[in-house]
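First the structure, in the form of structure tokens, and then the observations on it.
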Amino acid sequence: MAKNTIKINKKGEDGYKIISVRIKENTLKKIEELSTKSNRSRNELINIILESSVDDVEIN
């Protein structure tokens, strides 16, 4: 009988990197409000927002 294998990635090897960001208080307040309304963490929301908009940035 084959044994089930549990694969665990080492911490930090999940494709995410930890960074530090300065955010205006007003922006953070809006993110926290969205976080409460959506029942998602600030981190999760920030990632969703960045992923959905990063390809739409145009540099002039």
[X] side, atom [atom1]; [Y] side, atom [atom2] - distance, nearest 0.5 Å:
X: Lys24; Y: Lys30; atom1: NZ; atom2: NZ; result: 10.0 Å
X: Glu32; Y: Leu45; atom1: CD; atom2: CG; result: 10.5 Å
X: Arg42; Y: Leu28; atom1: CZ; atom2: CG; result: 5.5 Å

Check: Do the side chain of Ser35 and the main chain of Ile31 share a donor and acceptor less than 3.5 angstrom apart?
Finding: no

With a cut-off of 3.5 Å and sequence neighbours excluded, list every side-chain donor-acceptor pair involving residues 52-60.
{"unit_1": "Ser52", "atom_1": "OG", "unit_2": "Ile48", "atom_2": "O", "d": "3.1"}
{"unit_1": "Ser52", "atom_1": "OG", "unit_2": "Ile49", "atom_2": "O", "d": "3.1"}
{"unit_1": "Ser53", "atom_1": "OG", "unit_2": "Ile49", "atom_2": "O", "d": "2.8"}

Check: So does Glu33 have more than 12 non-hydrogen atoms from other groups sitting under 6.0 Å from CD?
Finding: yes

Note to self: Under 4.5 Å between side-chain heavy atoms, counting indirect links through other Ile/Leu/Val/Met/Phe/Trp/Tyr residues: same cluster for Ile19 and Ile23 or not?
What the structure shows: yes

